[in-house]
Amino acid sequence: MTAFFQTALTFPTVVWSVLFAFCVVYWMLASTGLLDSESVDGWLGMDSDHAGTAQSAGILGRIGLSGVPVMVMLVLLAFIGWLVTYLVHLLVLAYVPAPCDLLLGW
């Protein structure tokens, strides 16, 4: 369990851990009814009836995500980013030799 926390709370995984923790807190508050998706869309400057601003609507429409809520996309992005970064940190960066650590800045 110590290795899990050490990997999850060190750079570069900690960036995704914070974003994923924000998403988990949001969904816990949304499940109790204290928040809804429209409030987050308002914080991000998006209209919940549409895909968002013209620029984001165009980008999301091109990849087929124009009707997907922002928080669903954000939680999926955070989870996939966290998982990839965690596994790379655990399985690859742990075995990088010390001289390479100095060059990479780890």
Side-chain angles (χ1 to χ4, degrees):
M1 194 67 159
T2 305
F4 172 78
F5 285 121
Q6 183 178 4
T7 305
L9 297 176
T10 56
F11 186 79
T13 313
V14 71
V15 176
W16 292 104
S17 296
V18 169
L19 182 62
F20 192 57
F22 167 76
C23 291
V24 168
V25 168
Y26 166 79
W27 284 110
M28 287 186 344
L29 291 174
S31 67
T32 61
L34 295 174
L35 285 177
D36 58 353
S37 63
E38 293 175 2
S39 62
V40 174
D41 289 343
W43 296 338
L44 297 174
M46 301 182 129
D47 185 10
S48 62
D49 295 335
H50 304 292
T53 60
Q55 182 180 6
S56 66
I59 293 170
L60 296 176
R62 287 187 187 137
I63 59 176
L65 296 174
S66 60
V68 179
V70 174
M71 282 307 296
V72 172
M73 288 189 307
L74 187 63
V75 76
L76 286 175
L77 174 71
F79 177 70
I80 292 170
W82 181 86
L83 187 64
V84 168
T85 308
Y86 177 81
L87 291 175
V88 166
H89 188 112
L90 186 66
L91 301 174
V92 176
L93 296 179
Y95 299 107
V96 173
C100 292
D101 282 349
L102 295 175
L103 291 174
L104 294 173
W106 303 115

Pair Met28-Val24, side chain to side chain contact (heavy atoms under 4.5 Å, CB included): steps then yes or no:
CA-CA 6 Å; Met28 287 186 344; Val24 168; 4.2 Å; yes
Answer yes or no: is there a side-chain heavy-atom contact under 4.5 Å between Phe11 and Val15?
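In contact.
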Exercise answer: donor-acceptor pairs, residues 70-87 side-chain atoms, under 3.5 Å, sequence neighbours excluded:
unit_1: Trp82; atom_1: NE1; unit_2: Ser17; atom_2: OG; d: 2.9
unit_1: Thr85; atom_1: OG1; unit_2: Trp16; atom_2: NE1; d: 3.4
unit_1: Thr85; atom_1: OG1; unit_2: Gly81; atom_2: O; d: 2.7

Taking side chain to side chain contact (heavy atoms under 4.5 Å, CB included) as the test, write out the residues that go with Ala30, two or more places apart.
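Here the qualifying residues are Tyr26, Trp27.
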